[in-house]
Structure formats: C-alpha cells, structure tokens
Amino acid sequence: MEIIKERFREKAEKTAAEIKELLKEHGNKVIGEVQLSQVYQGMRGMTGLVTETSLLDAQEGIRFRGYSIPELREKLPKAPGGTEPLPEGLFYLMLIGELPTEENVQHITSILQRRSHVPNHVFATIESLPLNAHPMTQFVVAVMALQTESQFAKKYAAGLNKKDYWEVVFDDSMDLIARLPRVAAYIYRRKYKFGDHIQPNGLLDWAGNFAHMLGFEDGTFKELMRLYMTIHADHEGGNVSAHATHLVGSALSDPYLSLAAGLNGLAGPLHGLANQEVIKWIFEMQDELKTDEPTKEQIAEYVKKTLSQGKVVPGYGHAVLRKTDPRFTAQMEFGKKHMPDDKLVQTVWNIYETVPPILQSIAKIKNPWPNVDAHSGSLLVHFGMKEYEYYTVLFGVSRALGVLASLCWDRALGYAIERPKSITTEQVNKWLKGEDEIWGE
Ligand code: HAX
C-alpha cells in the first residue's frame, strides 16, 4: 500500500505545483463562451471541470491517461492464461498516470484482497430491505451502511490538516473498492439465488473473485468481468455518476457518501440503468413478436413503435459521443470471439445495423450510434445472468474505480467546493431587455 501511496504523493505534489504555476501565469485566460441554450440545456459542451483520469473525444471515444480501449486491451497486464486486461491495472493507470507493470498490478490485487472485509452490520442492513427492492437501491444502502468505516470522517472529526485530506481519502477509496464486489455479490445471491452466498477466493484477482462470488466459475465469464470492469470504469468528469461523486466530495463528504451520490445518478435510465433497459426492451420485443430471432424488418418496426410512444431507444445516443462507442466495439469483439452464434448477441448486432439509420432520420437526435449499454446485457445473458435489474450494480462496481481515483486527485490538488452560479428566467428576460446585468448578485 505504502509504495502506491508514495508514488501517488510524488505525482500529486508535482501536478499541484504545475497547476499553481499554470494558474499564476494563465489564470485569467478565457476558455470558451457560454450560450444561453447551454445554461438551460444540461451545460452540454461547457467546460467547467478538470478530471485527470480520462478524456472523451466525440469522434474517437474515451482515452484513459492517453490510452484508447484497444491499446489498453493490448498493454495492460492480464490474468494467467487470460487475454483481457485486469481492471486493477487500469486503476493504477488512472491513479498514477503511468502504465503498470505486472508487479504493480499484483500489488494492487493483494491490497484489495487484504482490505475486503465487510462488517456484519452491512449485510444486516441489506437484509432489512425487502427482497423486491431494486438491486441499485440495495447497493447504495449498503455503501451508506459501510460509511461507518470511513477513516476520513473519523479523522476529520478529530481534526485533520488540509494537506492530509488526500491520504485518508486514498485509504477510504482502497477500502471501498476492495469491499464493493463482496457487497454487490451478496445482493445478487440474496435476491436471485435464495441467499446461497459464496465466500471470497483470496487467490483470485479482483474481477475474477467478483465473478466467483456471483457464482460464475466459467473462465470466459471471468474474462468478461475483467473486460467489463475495465471499460465501464471512467468516462471523463462530466457524466452524471462522475460529476455527482466529484460534486459531493467537494463538500468534503467522505468517499462513501460521495460514491453513494454517484451511484444514485448511475441508477437513472438515461445513464447507467440503460444497461437493464436495453435487455428489458429486447425481451419485450421478443415476447411481442413471439420469436428470439427477430428480422431486421421486424426490429425496424419495433424501433419505430418505441419512438412513436414517446420513449427512447435504450443503448443509443450520447451527450458527447458522435460515433459508435469503442466500449460497444470492444464488447462486440468479445462476442465475435467467444459466442458468435448466440441468438441474443446476434440480435444486438442486427439492432446495430437497424437503429442508426432510423435515428439519423430524426433531426433532433445528435448521435444515432450505440453506447456501452447497447451490448453489455447480451453477453451476460449468454452465461445465464438474465436478471437484468442487477446489471447497473456491475456498472457501479466498475465506475467506483474511476470516480474514486478522481476523488483522490481532487483532494490531493486541493480543489474547491463546487458552487456554480445559477440564474432565474426573470433575470434572463431583464438582461435580454437590457434592464439588468445577468452576472449581478
Ligand atoms: N431514442 C430516442 N430519442 C433520443 C435518443 C434515443 N436513443 N437519443 C436522443 N434522443 C432524443 C432526446 O430524448 C432529445 O429529445 P427531446 O429534445 O424531445 O428531449 C433529443 O433526441 C436530443 O437529444 P441529444 O441531444 O441527441 O441527446 P442528449 O445529450 O440530450 O441525451 C442521452 C443523451 C444518452 C440521454 C440520449 O441519447 C438517450 O436518452 N439515449 C437512450 C438512453 C441511453 O442509452 N442512455 C445511456 C447513455 C450512455 C451512458 O451514460 N451510459 O451509462
């Protein structure tokens, strides 16, 4: 643990000094213009955050510390005999800013194994919820129950120097990442497997052990979990889960409180919950058409019907991306390699050929291409994980890697409490008539 922490300290001190210089010299530079429509419509395209862990390009997709998903699949260390990256390696990359060695990754794996103990009251809290509570509700409640373990909250209450915030946020983040798979697997086994829980296997990597605790021992499923946990981890800073974690953390709420906020955002159907919505939508289409092999013509009709009912086509569109999401492509490649004849996976590929031209014909839709959520469920169903309400929990376990690495950076760089200015429409109208200064207090 100390090695990684010292390496992070070195990087953070260097970056903090660079930012100080940068702001001294260039702090007054104007970085863009803001249009009234952006203020009203979700701040799209408005630069207002610094997030070091990853950067999203509208055409090319996500890069983590400069590395694209195909590059990460090639360069990050793998499990013995495996071909997919170990998410521990991506976490190291996001945290330290350099590609990890095999040894670095093994080190993170062993830290996470050692810190994975979950206190009994967390399981008792989960058990107190009705079985029909949505898995994301159970997951967020469990993260809140884990908050009793926050070192940051305890040390802050005892009196903590600003300079030391990041160290305790770092410790909490490691503890949380270590504990999340156990909690998430507990929720799955409780809700869908009659509470028949599976103990962790201390010899496995973080994602492999998660697959094991979920009850999936197939080696290819473990590889899928490693890929899944890697590609869902981060998507720069402005998406709802990353931004919510960062925002709540800026009030010095500890990592447990901050992550829970991010997970609540991930649970929305326009964000992470879209992964359950995609499979639900496909299952409903199969039911209605009475076939598990709908033709492209049938799919096109069903898409048009969905749109005519004022609903979104889940898994398609994006606030930033304007091309097929490379996270979709990575999963398609996985499907082609391991399950090319699976009917549901083939349906996902047929949807990919059918939906974009239909969405392209609707002028207001800016991106007709699939996002990460369009593919993930079909791969899980292939291995027998059909309980689609659970899928966003998998996303949440992975997303913790990115948003917590960013939270460590936020505190190490001493970022301020977030507090943008808001305005009223009355004030906007006065400003438009020249009667008021919109920026006035
Ligand atoms: N189906 C139908 N209509 C769509 C659409 C889709 N897939 N994507 C966009 N639109 C509509 C929007 O609802 C919006 O309509 P209104 O003006 O009537 O409100 C209009 O087209 C313009 O939207 P946009 O500018 O293209 O997209 P936004 O930035 O506003 O929204 C969303 C981006 C991802 C929320 C949107 O594309 C969507 O709802 N997609 C379906 C849900 C989904 O897959 N979400 C997951 C996104 C990725 C992610 O976060 N994963 O976790």
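Atoms within a ligand are numbered from 1 in the order they appear, just like the ligands themselves.
Short contacts between ligand 1 and L307, defined as distances under 4.0 Å to a heavy atom of the residue, involve ligand atoms 2 (C). Atom numbering of ligand 1 starts at 1 in the shown order; those under 4.0 Å from a heavy atom of G317 are 34 (C), 37 (O). With ligand atoms numbered from 1 in the order given, ligand 1 contributes 43 (C), 44 (O), 45 (N), 46 (C) to contacts under 4.0 Å with heavy atoms of A274. Within the listing of ligand 1, atoms 52 (O) sit less than 4.0 angstrom from a heavy atom of G272. For ligand 1 and G315, the ligand atoms under 4.0 Å from any heavy atom of the residue are 43 (C), 44 (O). Residue F395 approaches ligand 1 through these ligand atoms, each under 4.0 Å from one of its heavy atoms: 52 (O). Every atom of ligand 1 with a heavy atom of V313 under 4.0 Å away is listed here by number and element: 1 (N), 2 (C), 6 (C), 7 (N), 41 (C).
Using a 4.0 Å cut-off between charged nitrogen and carboxylate oxygen, E353 and K296 count as a salt-bridge pair. A salt bridge links E127 to R190: one of the charged nitrogens lies within less than 4.0 Å of a carboxylate oxygen. A salt bridge links K11 with E98: at least one charged nitrogen is closer than 4.0 Å to a carboxylate oxygen. With respect to the salt-bridge test (charged N to carboxylate O, under 4.0 angstrom), the residues E389 and K280 do not qualify. A salt bridge links E333 with R73; the closest basic N to acidic carboxylate O contact falls under 4.0 Å.
Proximity of I365 to ligand 1, defined as any heavy-atom pair under 4.0 Å, is shared by backbone and side chain alike.
Nearest non-hydrogen protein atom to atom 39 (O) of ligand 1 is L270 CD2, 3.3 Å. The protein heavy atom nearest to atom 7 (N) of ligand 1 is Y316 O, 2.8 Å. Scanning the protein heavy atoms around atom 12 (C) of ligand 1, the nearest turns out to be K364 CE, 5.0 Å. Considering only non-hydrogen protein atoms, atom 26 (O) of ligand 1 sits nearest to K366 N, 2.9 Å. In terms of protein heavy-atom proximity, atom 50 (O) of ligand 1 is closest to H271 ND1, 2.9 Å. For atom 27 (O) of ligand 1, the closest non-hydrogen atom of the protein is H318 O, 4.4 Å.
The aromatic rings of F8 and F170 sit tilted, their planes meeting at an angle between 30° and 60°. Below 30°, between 30° and 60°, or above 60°: for Y388 and Y391 the angle between ring planes is above 60°, a perpendicular geometry. Taking the six-membered ring for Trp and thresholds of 30 and 60 degrees, Y188 and F216 have ring planes inclined between 30 and 60 degrees apart.
Polar contact with ligand 1: absent for V312 (N/O pair, distance under 3.5 Å). Remark: ligand 1 and P314 share no N or O pair separated by less than 3.5 Å (distance only, no angle test).
When Y352, W369, W349 are each tested for a ring pair (Phe, Tyr, Trp, His ring centres under 6.0 Å) with F328, only one passes: Y352. The only member of T392, L263, L266, I126 that meets side-chain contact (heavy atoms from CB on, under 4.5 Å) when paired with F139 is L263.
Distance check on atom 32 (C) of ligand 1: every protein heavy atom falls at or beyond the 4.0 Å cut-off. For atom 19 (O) of ligand 1, no protein heavy-atom neighbour is present inside the 4.0 Å cut-off.
The closest approach between any non-hydrogen atom of R44 and ligand 1 is below 4.0 Å.
Looking at N371, V240, D373, V320, it is D373 that brings a heavy atom closest to atom 49 (C) of ligand 1.
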Could you go through the ring pair (Phe, Tyr, Trp, His ring centres under 6.0 Å) check for W281 and Y302 one step at a time? CA-CA 10 Å; W281 180 81; Y302 196 75; 5.5 Å; yes
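Ring centers of H243 and H271: at least 6.0 Å apart, outside the cut-off.
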